[in-house]
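Worksheet: the structure to be examined is printed underneath.
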Amino acid sequence: MRFWKYLTLLPFFLASAQAQPAEDLLMNQAREAWRKRDVAALNRLAEQAQQQQHLLAPWVDYWRQFARLPAAQVPELEAFYQRWPGSYVEDRLRNDWLLELGRRQDWPAFAADYPRFRMDDDRDVHCHALRAERALGRPLKEGADAKPFKERALAAWLAQREADEACHALAKDLLEAKVFGADELRRKLNASAETGRGKAFTQTLELLRKPEAKMLQGAYDDPARHLRLKPVVSGRWQQEAAAVALVRLAASNPEGARDHLEGRWAKALAPALAQWAWAQGGRQAALRQQEDAADWFRRALALKASASEWSEETLAWAARAALRAKGGAGDWELLRQVVQAMPEAQRQDPAWAYWHAQARYRAAPEGEAGEPARREARATLVKLAAPLHFYGQLAAEEMGLRLALPAAPAALSPAERQAAAQHPGLTRALRLIELGMRGEGVREWNFSLRGMAERELLAAAQRACEAQVWDRCINTSEKTTQQIDLAQRYPMPFREQLVERARAAGLHPADPYGLIRQESRFIQDARSGVGASGLMQLMPATAKWTARKLGLAYNPQRINDMDMNLRLGMGYLRMVLDDFGGALPLAAAAYNAGPGRPRRWREGGELDAAAWAESIPFSETRDYVKKVLANATVYARLMGEPQASLRERLGQRIGPRPTTAPTSNQDLP
């Protein structure tokens, strides 16, 4: 709970050297040498691992080679590739080597290696590839020139949200060559300003002349002062600086920014910049769930400038503001306009497909004139209906459909099982995870899945399930689209104990199953980046408080003990549910983000419960609540309740705490 982001296991278990298998001892030594960047030790251990044909020899070799990349030359990289062809570490080192070649600006060597880069998911490498393409006068990969070079370069630069060297150098080259101009520079500055990425903003200013850069930096750093001292805006960069100042002021003081926009700045800014400032003020107001958030976006759209350059995040917050508008009744016409302004891929996201259908239906004229729009909306909901995800379940129930759960696929054949059992990448991944190197193991596993057909994915998932590596079991099975094995996707490990503890806490067992699937993926010793532990991801302070409330003797060392973790987690969930009147969406939000936040988020007008879930300000908690409820609905059906309903768990409306409800339990951590 509490902003669970990146799953890691507890630190690598260090047993005595006498109790360890020799191969474990070698890996321990190699990891320590890697941590110290001890090249001599890594050389020795890599040779030893290869001589022993150690399962994880590729990793020791990778650490050795990475440690000397700054001095490396092409032949030794080629030799490494030949030693471990097709493996994750081959492609991982190619990624690192391409970054090094980009730093060296060795474009011929870069161009020779880049077409073999299979992951190709590093934004810095993308920018180096564009620099190489321009330097050599040709695309580096077949099909890379499907879009114009300028369009691809701008997309790569805008996608790199942090300060970086590769994409910054690309932009500098293109500005000097006049491929990029003031418009591209403005888009990058605006993207950094609206997300508060100060380092990226400052780095981009290096591409401007010093007077303009100084003015814009002042607008970013002290927007109130800039707006007070700059009564006249005539030139392009003076206009940009004023808009940046308004956007940055809105991040801390939306009302102050609104006063400026309605005052002397109302006609001073170009329509596109004024629209951007209004939209960003709306984004900040929506994040704060202010009643006037939708009005900001209405004012922005009224300026008649194109909303096509709004970021996807801004458009999403405009849609959420529309859902909460008019005291919770929703501004359906605004929502329809906003979703239609989204890029196609965003518009097809199940969330916005669902809400766009609702908006078309509710904004349609009454009577026969509105029937085509309503018919189209109903068709969209029928198409979206599906039994396994939040908006699919919601759409199905909205249309009165009782969709069957997917039938089990044909049993895996011995040959399919054997192929998965003998897959070297999967084997290495499981061994890495077994040794406590979960991050490395997950990356090796995911790389190994690339290009697998559905039956191969099912066999790989089954291998993980049988090894009780439940996160790989679930995540791998979720990659299939036609053959769906619910036993893999929604496993029920520890069923007897979990059901017993759930019932003792007065919980429906499907609800903690849905929560645990999202929290820890059933990894008993999971530990989050903020210190939450075990199946139910308990924070130490929460575990201690709950144990005291339940009258249990608490020992911090037992937080990962399955029975203790279940007792405490379910006890806490029960108390949170009670505090929120049995409302599972509020309780799930409290479990993830702490109870204080959903108490604030429920204030204001009464909302449809699905709209309330979609408008949760924190993206992690918003995703969490929707997945926990959808998970729980599937688990209830798998546990013998074919009529289980998402809406039943979600509820109809969420609003302020009823005046007749007991006083909120302010002691809940």
Side-chain angles (χ1 to χ4, degrees), residues 5-6 95 98-99 102-103 105 121-131 134 150-177 179-227 236-252 257 272-273 276-277 279-281 283-284 287 308-317 343 346 618-620:
K5 289 186 178 179
Y6 301 105
N95 190 160
L98 288 169
L99 291 173
R103 284 189 286 269
Q105 298 187 47
D121 57 356
D122 188 310
R123 295 192 190 283
D124 284 351
V125 171
H126 289 168
C127 287
H128 282 316
L130 288 160
R131 296 186 75 198
R134 186 168 180 274
K150 179 178 177 179
E151 183 179 338
R152 289 184 285 123
L154 180 60
W157 190 31
L158 294 177
Q160 190 69 290
R161 304 182 75 183
E162 303 295 343
D164 72 284
E165 293 307 320
C167 296
H168 183 65
L170 171 68
K172 184 178 180 181
D173 290 347
L174 297 182
L175 282 162
E176 289 175 353
V179 176
F180 282 178
D183 286 343
E184 289 75 27
L185 198 50
R186 176 187 57 79
R187 287 187 64 180
K188 180 66 174 180
L189 288 169
N190 288 1
S192 301
E194 70 180 55
T195 54
R197 298 181 183 276
K199 290 182 179 179
F201 185 87
T202 299
Q203 184 187 53
T204 306
L205 293 180
E206 295 172 8
L207 304 174
L208 273 171
R209 294 190 311 156
K210 286 187 177 179
E212 286 86 355
K214 183 178 180 181
M215 176 178 60
L216 280 155
Q217 190 69 66
Y220 186 98
D221 292 341
D222 194 344
R225 182 176 185 274
H226 181 87
L227 293 169
R236 173 193 291 268
W237 294 114
Q238 287 179 318
Q239 287 260 325
E240 174 69 15
V244 165
L246 287 163
V247 168
R248 295 312 304 153
L249 182 62
S252 59
L273 288 174
W276 177 56
Q280 294 311 308
R283 176 174 172 171
Q284 297 299 329
L287 279 164
S308 63
E309 288 189 11
W310 290 14
S311 67
E312 291 189 14
E313 273 294 295
T314 300
L315 289 163
W317 280 110
Q346 185 182 15
F618 295 162
S619 58
E620 181 196 329

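As the structure is a computational prediction, the values presented were derived from the model and not from experiment.
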Checklist entry - Is the shortest distance from a Lys or Arg side-chain nitrogen in R209 or E212 to a carboxylate oxygen in the other one below 4.0 Å? => result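 Yes, charged N to carboxylate O under 4.0 Å.
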Partner set under salt bridge (charged side-chain N to carboxylate O under 4.0 Å, His left out) for [X], not counting sequence neighbours:
{"X": "E162", "result": "R197"}
{"X": "K214", "result": "none"}
{"X": "R123", "result": "none"}
{"X": "D173", "result": "R131"}

Checklist entry - What do the steps show when you test H168 against E206 for side chain to side chain donor-acceptor pair (under 3.5 Å), and what is the final call? => result CA-CA 9 Å; H168 183 65; E206 295 172 8; 3.1 Å; yes
Item to check | Heavy-atom side-chain proximity of F180 to L185 below 4.5 angstrom | outcome: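 No; the side chains remain at least 4.5 Å from each other.
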Checklist entry - How long is the gap from NZ on K188 to CG on L154, to the nearest 0.5 Å? => result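 Those atoms lie 9.5 Å apart.
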Next on the checklist: Main chain of G198, side chain of Y220: is a donor-acceptor contact present, judged purely on distance under 3.5 Å?
Outcome noted: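 Yes, the answer is positive, given that a donor and an acceptor are paired below the 3.5 Å cut-off.
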Item to check | Any donor-acceptor N/O pair, Q105 side chain to G102 backbone, under 3.5 Å | outcome: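 Not confirmed, Q105 side chain does not pair with G102 backbone.
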Checklist entry - What residues, two or more places apart in sequence or in another chain, satisfy side chain to side chain donor-acceptor pair (under 3.5 Å) together with T314? => result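 For T314, the residues satisfying side chain to side chain donor-acceptor pair (under 3.5 Å) (neighbours in sequence not counted) are E194, Q280, R283, S311.
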Checklist entry - Residues two or more places apart in sequence or in another chain: which of them pass side chain to side chain donor-acceptor pair (under 3.5 Å) with S252? => result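 So S252 forms no side chain to side chain donor-acceptor pair (under 3.5 Å) with any residue.
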Next on the checklist: Are there over 12 heavy-atom neighbours, none belonging to R161, within less than 6.0 Å of that residue's CZ?
Outcome noted: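 Counting neighbours around CZ of R161, 12 or fewer heavy atoms of other residues, nucleotides or ligands fall under 6.0 Å, so no.
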